[in-house]
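For reference, the structure is listed below as structure tokens.
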Amino acid sequence: MLAGTALMAAALTACSGGSGGGTDSGKGEMKKKPDMAISVNLTGDQAKPGEPVKVTLAEGKLALVKVSDGKGNELPGKIADDGRTWTSERNASPGTEYKVEAQNTDSQSANAQFKTVAADKVNKVTINPGKANGVVGVAQPVSIVFDNPVKNKAEVEKHLKVTTSNNTEGSWGWFKDYTGNDRVDWRPKDYWKSGTEVKVEMNLNGVDSGQGGGMFVKDYNTEFKIGKDRRLQVDLNTHKMTVTEDGQTVKTIPVSAGTPGGKKASWLGKMVLMTKEGTIRMDSQTVGLGDSYDKMVDYSMRVTWSGMYIHAAPWNTANFGRANTSSGCVGMSDSDAKALFAEAQVGDLVEVSGEGSKGKADIGNGYGEWNLSWDEWKAKSALSGTPQNG
């Protein structure tokens, strides 16, 4: 078989004429086809990151382009309809060496290399819920807080994607976190449906935050599932908390909420159970309430960053179901708090109604986005007018 192949190759060489790869005069040898020529918009070892890679073919049509870093990670991209250019869908990352491999429709190939400079400043994120949360309640938003300012909000938002198992409608919204940092949350139009599976992809590697914010040098992702539809409804007028599951009342708990008429009043409106912190030290000086209290508190569940909790308050037993006399938190008996702590999920809705509150907390003081109408929330997107279904 090998001999036959060699004879055929020799015959093809002997029969070749002046077209294509002809023979050199008097030598009987094949002329080498000229290599294909490409140009890349990023060159050298000081290339600028934060923009797509563009590969251009001098003549002919591209059939394949591969742009990969030193770890073998490839930048996805597309060849233009005319076949002359290929453009990556992702930006080139800072401080990264890239290899470019291209092939045309005549099976000719060409290679190139470049290296991007490192970022002068790197931006990072904190995301909630993290992967460790697993199952969360129906009011839990996706929440991303940035270490540094984000001026290019629209560009950053374009690289954030929420995918759900049932095409839940939702939108991103930008505002300031309680820390003062830039924050963007993704809230469904309505509360999540139990059983919904959620995947969040933050394809931020190589994206520029804008002036003062620096560049992202990695991607982030998280996923979680929506658990039972549990809602905690606190009525300041009746001094009771009603616990519902799937729309049915399962428990009514006597409580004592914040003292009306000042800083010790409770926040009003729709909030979200942020964390289950258990036994913690509560010191009134840390929340601007002087020497009001300093004690260890059991079954503590945070509702706002500013220090509103649901927790056990055995020292206030006489007022459960009768009067609101706490320093802003919602207190109850040890037994009720223990049972609620065992059942509650991070992400459960907490809704406070009635008289004597200090109003609604700022949107970034916890998860206050449910106090906004759907239209008000969508208007906070940097891509306002572009609905995002997951």
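The existence of a salt bridge linking E351 and R231 is excluded, since no basic side-chain nitrogen approaches an acidic carboxylate oxygen closer than 4.0 Å. Salt bridge E223/K199: absent, no basic N to carboxylate O contact under 4.0 Å. Salt bridge annotation for K176-D182: present, with a cationic side-chain nitrogen under 4.0 angstrom from a carboxylate oxygen.
Checking side-chain atoms of K338 against main-chain N and O of Y299 turns up no donor-acceptor pair under 3.5 Å. Side-chain N or O atoms of S326 include one that pairs as donor or acceptor with a backbone N or O of G328 at under 3.5 Å. Looking only at distances, a side-chain donor or acceptor of N123 sits under 3.5 Å from a matching main-chain atom of N148. Without hydrogens or angle criteria, T222 side chain to P129 main chain gives a donor-acceptor distance under 3.5 Å. In this structure, N324 contributes its side chain and L236 its backbone to a donor-acceptor pair below 3.5 Å. Formation of a donor-acceptor pair under 3.5 Å by the S357 side chain with backbone atoms of W267 is not found in this model. No donor-acceptor distance shorter than 3.5 angstrom exists from the side chain of S300 to the backbone of H311, with no hydrogens or angles considered.
Taking CD of Q46 as the reference point, atom NZ of K115 lies at 8.0 Å (rounded to 0.5 Å). Once rounded to the nearest 0.5 Å, the distance linking OG1 of T87 with NZ of K78 reads 11.0 Å. With rounding to the nearest 0.5 Å, the separation of CG in L160 from OG in S381 is 10.0 Å. D45 contributes atom CG, which lies 9.5 Å from atom OG1 of T43 (distance to the nearest 0.5 angstrom). To the nearest 0.5 Å, atoms CE (M36) and OG (S107) are separated by 10.5 Å.
Side-chain atoms of V156 and F216, non-hydrogen and from C-beta on, do get closer than 4.5 Å to each other. In this structure, the side chains of D336 and F320 stay at 4.5 Å or more apart for every pair of heavy atoms. In this structure the side chain of W305 never reaches within 4.5 angstrom of the side chain of T179, judged on heavy atoms. Between K380 and E369 the shortest side-chain heavy-atom distance does not fall below 4.5 Å. V243 places a side-chain heavy atom less than 4.5 Å from the side chain of R230. Here the side chains of I310 and M241 are in contact, with some heavy-atom distance below 4.5 Å. Residues Q113 and E97 are not in side-chain contact: their nearest non-hydrogen atoms beyond the backbone lie 4.5 Å or more apart.
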Worked verdict on D235 versus S353 for side-chain hydrogen bond (donor to acceptor under 3.5 Å, both in side chains):
CA-CA 5 Å; D235 189 328; S353 62; 4.6 Å; no
One pair to check against side-chain contact (heavy atoms from CB on, under 4.5 Å): T163 and E201. What are the steps and the verdict?
CA-CA 8 Å; T163 306; E201 296 170 272; 4.1 Å; yes
Report the C-alpha distance between R183 and S143 in whole Å, list the side-chain angles of each, state the deciding distance to 0.1 Å, and finish with yes or no for side-chain contact (heavy atoms from CB on, under 4.5 Å).
CA-CA 7 Å; R183 174 173 151 192; S143 184; 3.1 Å; yes
One pair to check against side-chain contact (heavy atoms from CB on, under 4.5 Å): W374 and R187. What are the steps and the verdict?
CA-CA 9 Å; W374 178 232; R187 194 205 95 178; 3.5 Å; yes
Before you tell me yes or no, could you show the steps for K193 and T168 under side-chain contact (heavy atoms from CB on, under 4.5 Å), namely the whole-Å CA-CA distance, both residues' side-chain angles and the distance that decides it to 0.1 Å?
CA-CA 9 Å; K193 292 182 179 179; T168 300; over 6 Å; no
When you look at D69 and T96, which way does the side-chain hydrogen bond (donor to acceptor under 3.5 Å, both in side chains) test go after all the steps?
CA-CA 7 Å; D69 62 22; T96 305; 5.9 Å; no
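For W186 and W192, the gap between ring centers is short of 6.0 Å.
Closest approach of E101 and S68 over heavy atoms only: OE2-OG, 4.4 Å. Contact between T116 and Y98 at its shortest, heavy atoms only, is CG2-CE1, 4.4 Å. Across all their heavy atoms, N181 and F146 have their closest contact at ND2-O, 3.0 Å. Of all the heavy atoms in S88 and P52, the pair that sits closest is OG-CA, 3.4 Å. A pairwise comparison of heavy atoms in W174 and K153 identifies CZ2-O, 3.5 Å as the closest pair. The two residues L42 and A47 have their closest heavy-atom pair at CB-CB, 4.0 Å.
With respect to L57, the side-chain contact (heavy atoms from CB on, under 4.5 Å) criterion is satisfied by exactly one of V65, T105, L62: L62. Shown are K228, K251, K276; of these, the salt bridge (Lys or Arg N to Asp or Glu O under 4.0 Å) with E343 is made only by K251.
The environment of K358 atom NZ is dense: over 12 non-hydrogen atoms of other residues, nucleotides or ligands sit within 6.0 angstrom.
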